[in-house]
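The structure presented is a predicted model; accordingly, all values stated were derived computationally and were not measured.
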4 protein chains.
Amino acid sequence: MQSSTPAGRAGRPRSAAADTAILAATRAALVDLGWSKLTLGDVATRAGVAKTTLYRRWAGKNELVVDAVAELFDELELPDSGSLAADIEGVVLQFATILARPEAASGLMAVVAESTRDAALRERIRTSIVERQKRLVLEGRARAEARGELPPEPDAGQAGRTVDLIFDLVAGAVVHRTLVSAGAADEEWVRDLSRVLLTGLAGTVQEPAAPR
Amino acid sequence: MQSSTPAGRAGRPRSAAADTAILAATRAALVDLGWSKLTLGDVATRAGVAKTTLYRRWAGKNELVVDAVAELFDELELPDSGSLAADIEGVVLQFATILARPEAASGLMAVVAESTRDAALRERIRTSIVERQKRLVLEGRARAEARGELPPEPDAGQAGRTVDLIFDLVAGAVVHRTLVSAGAADEEWVRDLSRVLLTGLAGTVQEPAAPR
Amino acid sequence: MQSSTPAGRAGRPRSAAADTAILAATRAALVDLGWSKLTLGDVATRAGVAKTTLYRRWAGKNELVVDAVAELFDELELPDSGSLAADIEGVVLQFATILARPEAASGLMAVVAESTRDAALRERIRTSIVERQKRLVLEGRARAEARGELPPEPDAGQAGRTVDLIFDLVAGAVVHRTLVSAGAADEEWVRDLSRVLLTGLAGTVQEPAAPR
Amino acid sequence: MQSSTPAGRAGRPRSAAADTAILAATRAALVDLGWSKLTLGDVATRAGVAKTTLYRRWAGKNELVVDAVAELFDELELPDSGSLAADIEGVVLQFATILARPEAASGLMAVVAESTRDAALRERIRTSIVERQKRLVLEGRARAEARGELPPEPDAGQAGRTVDLIFDLVAGAVVHRTLVSAGAADEEWVRDLSRVLLTGLAGTVQEPAAPR
DNA sequence: TGCTAACCGAGACGGTACGTCGGGTCTTAGT
DNA sequence: ACTAAGACCCGACGTACCGTCTCGGTTAGCA
């Protein structure tokens, strides 16, 4: 009979503004209340939105917070400071700065905790946050190769393993420093970290070639 | 946790068995339900204890879980494998093994998340879990010095900084690998990690000395 | 319900079929769900109509159900059985039969309950249902007078009062019997009722005769 | 181990005051809001009680309101006015007065409406309200017999049927008059009603006798 | 035949109340 | 003074309907 309802078309379309408002409200609530006292009702109120609207778009607190936090890490960008070491220090410092913000720390750790029992959530975290930021490592390597600081990586498999290890080392160390050891991830600490990292990788990755 | 009937003594003394039962029940509940679905009522039931009893001894869910999880890490011990590298690999692997258990991962991450907004809880985690296990780093260093693998650290302040950094690196990397990257922290990965670590530290901390 | 294109006329006229479908769907929903679980969304779905269409024509659940139920009572008609007593029994039995239908009972009682706090609704019920059926009492009296069973009523005011009383007695008794006492309003019961009624009225209406 | 927990014994006993407060709050809410806008949350608040306490004792709105309304009718008592006619008028007037109160009308009709789809509720209404008040009819008859106004009823079955009919007639008529016809059930109307009733019953039930 | 206004379906929207669940406290009786 | 049991107040949960509001699309009736 009718043909011009291509797939899902009829009815009032979803408000695009609502998404934005809800994610912002979620971050604000994380700042004020932290994960455990954050309620979806409160988020809805802050966003000027009905609770139902929120549930229509996200399955629950976990999914909502993942999205809200993921946006935070999109701010990260690789500074072009002229040397690999400086580049690393710069981006690690940015990461530490973001993680020092209460909405990032509280939200991220909580969803990671939840994800230990929810594979779908774990996957969502990985794609929305982790994989998404590996771009920084890749960019950094490319830039360093261009500068001649690093030889081109011949083996793609090995390269992937190294990127993963770097990421776990950096992200893990910053998180642990900030949240568990309760120390400041300041410039000095970041310098120590990146020095260990660079030296360690230099001496490891191209094992046979460089006797240093 | 509780005093040993300080002075005033009348009345029935607290059951010592209850403490043990409650902590075990807490871990069991963490395994079955995870942090967020764990309820104190359920823990009490599993422990065969009234909710009242539980609240008389712990302030709430957070404190209870910290204690329950802390016990897990007391299992860690430094194997004497003959070389620093092997020692490190051994203990890191143990750590990864414990962290792979659902009650450890779920519980630990959750209380860390909570601790971002609760200084007292953060302190409790630090003393009950983190500082308590730094013994491993210290033992390892001492043993390595005795073997002649490392020179004695002259500067105590510098030594502390290095221990902290090592701890953040190792613990952070394992946690990130296990929970976020969702990769196995297996022997191969641990070998990569400890190689980077040793090389990095050797080339950094005692700059002039070590040619390796 | 709606005017017949009052003056401004352009545009598509309302579907007449929709009204019919909606009222039928309402009765069907009353049968299946009863008043309290009846939802307008469900009625709309059953009628194959959008919720909007429904709200464009009725103010709410109450008004809709009044109209849906009112139609049921238009089925009533006064049988010509030859005697006043038989006529009364016949019509009362019809009334009882209708009231035994779940859509009538459930819907009618519910709107009456609502009407205790809503004068407009009460008026709507009175005009759409009650007054509309008083025709039966008037017809019955006229027929009885024609037969010579009753003397002509001289005083119009008094006549009105009597009609009202009869109506309250009959309708009230049937409703109470059916819904509250949970007894069947069967032929035997109806015979008892109409005998009491006729006797009582006969001894009463012609007041002046009996000094009491 | 323990034996002296006879059946249901352990734990804090239910507050008796809460029941009273809740029923009173229910009636107050009926007055202010009517049935359909009455919410259990609001009743709980008015009663100074948690919603859970309320749900622990009543299955829902219907059951609660039945109990709340039932208490109202316990106020009814048969006045001893010296004659059967006057006794009837007196008690009918009392009944009408109670029914004129908004909490009675709104609540009673609503639960009757609900009861059309819920046999358990219907039974609860019958026992808690209807049967409970038949005492009035029985008392009235006994008193009239003692006065010699009525001959003793020989047949018990017939007596029951008559009592039921009277009850349906009186209660039904008053309800219909008050709620549907929207007329006042005042002294004059009550006199008309009871006259019809007495006459009708006198001429019917003891067919042969009726001297009057 | 083509305009155009009022209609129609679908479905998202801001709300309100639901009935349930868990947190932590308190009141019993029993050890 | 402890314990188990369980009722208590509180507040959040996720769901269901309410009645309103856009949408895109249809369908008379007048020109």
remark   = Rounded to whole Å, the CZ-P distance (C:R12 to F:dC30) equals 16 Å
message = From CH2 of D:W58 over to P of E:dC18, roughly how many Å is that when rounded to an integer?
response = 16 Å
task = Could you tell me the separation between the CZ atom of D:R14 and the CZ atom of D:R56, rounded to the nearest 0.5 Å?
result = 6.5 Å
query = Where the side chain of C:R57 is defined as all heavy atoms beyond and including C-beta, which of E:dC7, E:dA12, F:dC8 is the nearest nucleotide?
reply = E:dC7
task = Indicate whether OP1 or OP2 belonging to F:dA4 is found under 4.0 Å from a side-chain N or O atom of B:T53.
result = yes
request  = Pick base, sugar-phosphate or nothing for D:G60, based on heavy-atom distances below 4.0 Å to the nucleic acid.
outcome  = nothing
query = Which sits closer to the 5' end of DNA chain F, C:L38 or B:V49, going by the nucleotide each is nearest to?
reply = B:V49
request  = Could you say whether B:R56 or A:L40 is positioned toward the 5' end of DNA chain F, judged by the nucleotide with the nearest heavy atom to each?
outcome  = B:R56
D:V43: which of D:L33, D:L54, D:V65 passes side-chain contact (heavy atoms from CB on, under 4.5 Å) = D:L54
task = Nearest whole angstrom, please: distance from the P of F:dG6 to the CG of B:L54.
result = 17 Å
D:G41 vs B:K51, nearer the 5' end of DNA chain E by closest nucleotide = D:G41
Distance, rounded to the nearest Å, where A:W35 contributes CH2 and F:dA12 contributes C1' = 14 Å
request  = Can you tell me the distance, in whole Å, between the NZ atom of C:K37 and the C1' atom of F:dT15?
outcome  = 14 Å
remark   = CH2 (B:W35) and OG1 (A:T116) are apart, to the nearest 0.5 Å, by 11.5 Å
request  = Take D:P13 and D:K61, find for each the nucleotide of DNA chain E with the closest heavy atom, and name the residue whose nucleotide sits nearer the 5' end.
outcome  = D:K61
remark   = Between OH of C:Y55 and P of E:dC7 the distance, given in whole Å, is 18 Å
key: Nearest-angstrom distance from the residue atom CG of A:D42 to P of F:dG11   = 14 Å
query = Could you state the interatomic distance from CG (A:D19) to CZ (A:R57), rounded to the nearest 0.5 Å?
reply = 4.5 Å
ask   = What is the minimum heavy-atom distance between C:A113 and D:S106, and which atoms define it?
value = CB-O, 4.2 Å
task = Take the protein atom CD of B:E63 and the nucleotide atom C1' of E:dG24, then report the distance between them rounded to whole Å.
result = 13 Å
inquiry  = Taking the minimum atom-to-atom distance to the side chain of B:T52, which one of F:dG6, E:dA10, E:dG14 wins?
reply    = F:dG6
